[in-house]
Amino acid sequence: MPDPARPGDPARPGPGQLPAPGGAFAGRSFDAVLFDLDGTLIDSLGAVENSWRTWAAEYGLPDPAHVDFQHGAPARVSLATLVPAEDIEAAFHRIHELELNDRAGLRVLPGVHAAFAALPRERRAIVTSCSAPLAAVRIAAAGLTGRGEVVTADDVAHGKPAPDPYLLGARWLGVDPARCLVVEDAPAGIRSAQAAGCAVLAVTTSVHAVADFASLPTPPDAVAADLAAVRFVVGPAGVSLTDT
């Protein structure tokens, strides 16, 4: 078996080598658009990292300033690699408490309000690895009104990168996952969407995403800096998108 391609390997394209949405999705339409939350719709990276670092220092990890958690995946997935199994639940609840109380710096990312205004509620959903309470806090803090369906980590047995979250988002909207476009910033979420059979638009809105796209087994269909780089149009055939 050949060695996995490394970041920078020509066989595994990085963000700059992937097509823009207008070209990648020309002539295509979708029944619904499923959006990740953290790093895709809102910038919460500061709050997330502060909470994990605070917990890591409290727990006594050797390098709390550089605690290694998997961006875009449920917290318990990362904790399973950091602490013994018997400590996971206590650690999860402490990190969750810290995140619920840290709303500083939460902001909507560029293009999000325009995207939501262009898409009716029945054609969009948020699919996040947050718990339901944390998702509600962040959505409210960011002012995302009329958000439509929201799938959280509490709704599925297996979170990202398993396909369950995006399969459930499509089911709640009553559409075929193969007719869904997913917008994601994190490798775990991209893998989840691909496993569900969805098309994927990756946005380079977090340092984790930019660094890790090249390590994905299968690259996303297209890449954009953020949602301000695309325009959604709803027509008789469904949702199409163009570059702005």
Side-chain angles (χ1 to χ4, degrees), residues 13-43 72 108-128 139 142-151 160 163-206 209-210 213 216 218-244:
Q17 299 169 296
L18 293 169
F25 301 122
R28 294 186 65 180
S29 63
F30 302 94
D31 291 335
V33 183
L34 310 178
F35 297 94
D36 172 53
L37 179 61
D38 294 292
T40 298
L41 300 180
I42 64 171
D43 180 2
V108 178
L109 288 164
V112 170
H113 285 305
F116 271 48
L119 295 168
R121 288 170 61 99
E122 65 271 16
R123 289 194 181 272
R124 55 177 158 83
I126 295 173
V127 180
T128 176
I139 289 168
L144 289 177
T145 58
R147 60 188 185 274
E149 298 285 2
V150 180
V151 176
K160 302 173 186 179
D164 304 35
Y166 283 111
L167 289 174
L168 184 59
R171 180 156 63 87
W172 280 2
L173 291 176
V175 298
D176 183 345
R179 291 279 302 161
C180 290
L181 173 68
V182 166
V183 185
E184 265 281 359
D185 77 304
I190 292 171
R191 288 169 58 200
S192 173
Q194 290 171 333
C198 305
V200 182
L201 168 60
V203 287
T204 59
T205 43
S206 75
V210 175
F213 280 171
L216 287 165
T218 303
D221 297 279
V223 67
D226 51 40
L227 284 169
V230 300
R231 184 169 69 97
F232 294 99
V233 179
V234 179
V239 180
S240 60
L241 67 161
T242 62
D243 302 324
T244 54

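Among residue pairs with one or both ends in residues 223-239, none qualify as salt bridge (charged side-chain N to carboxylate O under 4.0 Å, His left out); sequence neighbours excluded.
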Using atom types as modelled, flag every donor-acceptor pair under 3.5 Å from a side chain in residues 192-202 to any protein atom, sequence neighbours excluded.
{"residue": "S192", "atom": "OG", "partner": "A162", "partner atom": "O", "Å": "2.6"}
{"residue": "Q194", "atom": "NE2", "partner": "T218", "partner atom": "O", "Å": "2.9"}
{"residue": "Q194", "atom": "NE2", "partner": "P219", "partner atom": "O", "Å": "3.2"}

Distance-only criterion, 3.5 Å: show the donor-acceptor pairs between side-chain atoms of residues 164-172 and protein atoms not counting sequence neighbours.
{"residue": "Y166", "atom": "OH", "partner": "K160", "partner atom": "NZ", "Å": "3.4"}
{"residue": "Y166", "atom": "OH", "partner": "E184", "partner atom": "OE2", "Å": "2.7"}

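A heavy-atom distance below 4.5 Å is found between the side chains of V234 and L119. Taking the side chain as every heavy atom from C-beta outward, F35 and L227 approach each other to under 4.5 Å.
Closest approach of D36 to L41, counting heavy atoms only: O-CG, 3.2 Å. Nearest heavy-atom pair across L144 and H113 is CD2-CE1, 4.0 Å. A pairwise comparison of heavy atoms in L216 and P220 identifies CD1-CD, 3.9 Å as the closest pair. In plain terms, the two heavy atoms of P21 and V230 that are nearest each other are CG-CG1, 3.4 Å. Taking all atoms of both residues into account, the shortest heavy-atom contact from L109 to V112 is O-CG2, 3.2 Å.
Rounding to the nearest 0.5 angstrom, the gap separating the CZ atom in R121 from the CG atom in L173 is 10.5 Å. Taking CG of D38 as the reference point, atom OG1 of T128 lies at 5.0 Å (rounded to 0.5 Å). Rounded to the nearest 0.5 Å, atoms SG (C180) and CZ (R123) are 10.5 Å apart.
For R179, the salt bridge (charged side-chain N to carboxylate O under 4.0 Å, His left out) partners at least two apart in sequence or on another chain are D31. Remark: D221 pairs with no residue by the side-chain hydrogen bond (donor to acceptor under 3.5 Å, both in side chains) rule, at least two apart or across chains. Taking the ring pair (Phe, Tyr, Trp, His ring centres under 6.0 Å) definition, one finds that F232 meets it with nothing, sequence neighbours left out.
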> Between L37 and I42, is a side chain to side chain contact (heavy atoms under 4.5 Å, CB included) present by the stated rule, with each step listed?
Replying inline: CA-CA 6 Å; L37 179 61; I42 64 171; 4.1 Å; yes

>> Between L34 and V151, is the side chain to side chain contact (heavy atoms under 4.5 Å, CB included) condition met? List the steps.
In response: CA-CA 10 Å; L34 310 178; V151 176; over 6 Å; no

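In this structure, D243 contributes its side chain and G22 its backbone to a donor-acceptor pair below 3.5 Å.
Taking the six-membered ring for Trp and thresholds of 30 and 60 degrees, F30 and F25 have ring planes more than 60 degrees apart, a perpendicular arrangement.
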